[in-house]
Amino acid sequence: MFRYFSPATAAITERTVEPHHLRHYMGSWVLFAWCRLRNDWRWFFLARMEGPKLLAGTFEPRPAKTWRHLMDSGFGIFQAEKTFPVVLRFTPFMSRWIREQVWHPEQTIREMPEGGVELSFPAADLREVKLKVLQFGAEVEVVEPGELRDALREEIMRMKAIYG
């Protein structure tokens with residue numbers, strides 16, 4: 001049991017969990033566990049935990065076949081039962097680096113006639129994909145999904161209000 005801080009809502013909730021896996025992800029330790037409060041699988045960043053307590057009793061670990069697919073089915077840390085394709089088209093200049101990168105084990109890279117590449121991979125959530133795409137600025141275009149294109153358009157308009 002521990003108190004957990006949500007950066008999205010700034011709320012602190014008390015969580016009782018059944019830990020199943022610990023992962024080092026982008027410089028942070030993250031616990032993958034069954035959350036009894038939400039009655040579902042959740043990722044918990046250890047840095048957001050306060051006052052952990054070991055409770056009396058035990059739990060029966062759930063079979064890996066019931067949760068393992070939630071760890072790597074899509075791009076990034078945010079996972080879900082279903083994924084959708086993301087297709088990104090990179091300029092010839094940026095493609096030199098993209099060809100060397102692995103964004104997801106199931107990714108495909110398609111060479112484009114002008115020298116660029118199209119990178120395709122599954123995702124279950126757009127939050128982290130959006131942040132990754134923004135790193136490349138005008139060197140990348142989102143081909144699909146349209147929802148990601150729309151989210152980037154909105155973000156660029158907000159950025160334009162800041163930077164002119």
Side-chain angles (χ1 to χ4, degrees), residues 4-11 19-35 38-49 62-164:
Y4 192 71
F5 172 76
S6 167
T9 65
H20 279 68
H21 187 80
L22 190 62
R23 172 178 280 181
H24 190 255
Y25 183 75
M26 296 184 72
S28 295
W29 285 102
V30 188
L31 176 68
F32 185 71
W34 180 261
C35 177
R38 302 292 186 229
N39 202 31
D40 201 1
W41 294 105
R42 292 288 192 267
W43 289 100
F44 296 98
F45 284 75
L46 271 56
R48 297 182 195 155
M49 292 179 182
R62 297 164 195 260
K65 66 181 179 182
T66 65
W67 56 268
R68 195 72 180 167
H69 67 283
L70 294 172
M71 297 191 63
D72 298 314
S73 60
F75 175 83
I77 197 79
F78 300 110
Q79 302 292 319
E81 290 288 338
K82 294 185 180 186
T83 61
F84 50 85
V86 172
V87 181
L88 308 175
R89 186 173 297 140
F90 289 90
T91 64
F93 174 76
M94 190 53 62
S95 294
R96 296 181 228 163
W97 287 274
I98 299 302
R99 287 181 187 98
E100 299 171 350
Q101 297 178 5
V102 177
W103 290 36
H104 189 272
E106 296 176 23
Q107 76 182 31
T108 60
I109 295 180
R110 183 168 70 101
E111 297 291 332
M112 304 304 292
E114 81 288 348
V117 296
E118 268 190 5
L119 172 67
S120 303
F121 56 89
D125 188 287
L126 292 177
R127 289 173 284 182
E128 198 170 352
V129 178
K130 176 183 157 188
L131 294 173
K132 186 73 170 172
V133 169
L134 285 168
Q135 291 179 333
F136 295 98
E139 300 291 332
V140 63
E141 177 187 0
V142 174
V143 177
E144 61 179 272
E147 182 183 347
L148 179 56
R149 285 181 66 91
D150 294 343
L152 286 165
R153 186 178 298 108
E154 290 173 20
E155 186 72 21
I156 291 166
M157 295 308 290
R158 290 176 37 209
M159 291 170 71
K160 187 175 179 182
I162 295 170
Y163 297 107

Could you tell me whether a side-chain N or O of E128 sits under 3.5 Å from a main-chain N or O of I77, the two making a donor and an acceptor?
yes

CD1 of I98 to CD of E118, rounded to nearest 0.5 Å, is 13.0 Å

For L148 and L126 the tightest heavy-atom approach is N-CD1, 3.9 Å

**Message:** Could you walk me through whether R158 and I162 satisfy the side chain to side chain contact (heavy atoms under 4.5 Å, CB included) test, starting with their C-alpha distance in whole Å, then the side-chain angles of each, then the deciding distance to 0.1 Å, before giving a yes or no?
**Reply:** CA-CA 7 Å; R158 290 176 37 209; I162 295 170; 5.8 Å; no

Is the shortest heavy-atom distance from the side chain of C35 to the side chain of F44 under 4.5 Å? yes

Exercise for the section: Compare all side-chain heavy atoms of H21 with those of R68 and state whether any distance is below 4.5 angstrom. Expected result: yes

Would you say L22 and W29 make side-chain contact, with heavy atoms under 4.5 Å?
yes

Sorted by chain and residue number, the side-chain contact (heavy atoms from CB on, under 4.5 Å) partners of H20 (sequence neighbours excluded) come out as E18, W41, F59, P61, R62, W67

Got a sec: does the CD of E147 have more than 12 other heavy atoms crowding it under 6.0 Å?
-> no

Going by the angle between their ring planes, with limits at 30° and 60°, are F75 and F121 parallel, tilted or perpendicular? tilted

- Check for a donor-acceptor pair, side chain of S95 on one end and backbone N or O of V117 on the other, with a separation under 3.5 Å. yes

The reported gap from NE2 in H104 to CG in L119 (rounded to nearest 0.5 angstrom) is 11.0 Å

- Query: Given side chains that start at C-beta, do those of R110 and S120 come closer than 4.5 Å, heavy atoms only?
  - Reply: no

- [ ] Show your reasoning for whether side chain to side chain contact (heavy atoms under 4.5 Å, CB included) applies to E155 and L134.
- [x] CA-CA 9 Å; E155 186 72 21; L134 285 168; 4.0 Å; yes

The reported gap from CZ in R23 to OG in S28 (rounded to nearest 0.5 angstrom) is 13.0 Å

In this structure, CG of L46 is separated from CE of M49 (nearest 0.5 Å) by 4.5 Å

Between A10 and F5, the two heavy atoms sitting closest are CA-CE1, 3.6 Å

Decide yes or no on salt bridge (charged side-chain N to carboxylate O under 4.0 Å, His left out) for R149 and E141, but give the supporting numbers first.
CA-CA 8 Å; R149 285 181 66 91; E141 177 187 0; 3.1 Å; yes

Taken to the nearest 0.5 Å, the spacing of M26 CE from F45 CZ works out to 9.0 Å

Considering only heavy atoms from C-beta outward, does the side chain of L88 approach that of V133 to under 4.5 Å?
yes

In terms of heavy-atom contacts, G76 and Y25 come closest through CA-OH, 3.3 Å

### Task
List the steps and the verdict of side chain to side chain contact (heavy atoms under 4.5 Å, CB included) for R42 and D40.
CA-CA 6 Å; R42 292 288 192 267; D40 201 1; 3.3 Å; yes

Check against side chain to side chain contact (heavy atoms under 4.5 Å, CB included), F136 and T91:
CA-CA 10 Å; F136 295 98; T91 64; over 6 Å; no

The reported gap from CH2 in W103 to CD in Q101 (rounded to nearest 0.5 angstrom) is 6.5 Å

| query | Between R99 and E111, is the closest basic N to carboxylate O distance under 4.0 Å? | reply | yes

Between S73 and T83 the two heavy atoms that sit nearest each other are O-CG2, 3.6 Å

| request: Taking R48 for its side chain and Y4 for its backbone only, find out whether a donor-acceptor pair lies under 3.5 Å. | output: no

Tell me whether D125 is salt-bridged to R127, with the criterion being a basic N under 4.0 Å from an acidic carboxylate O. yes

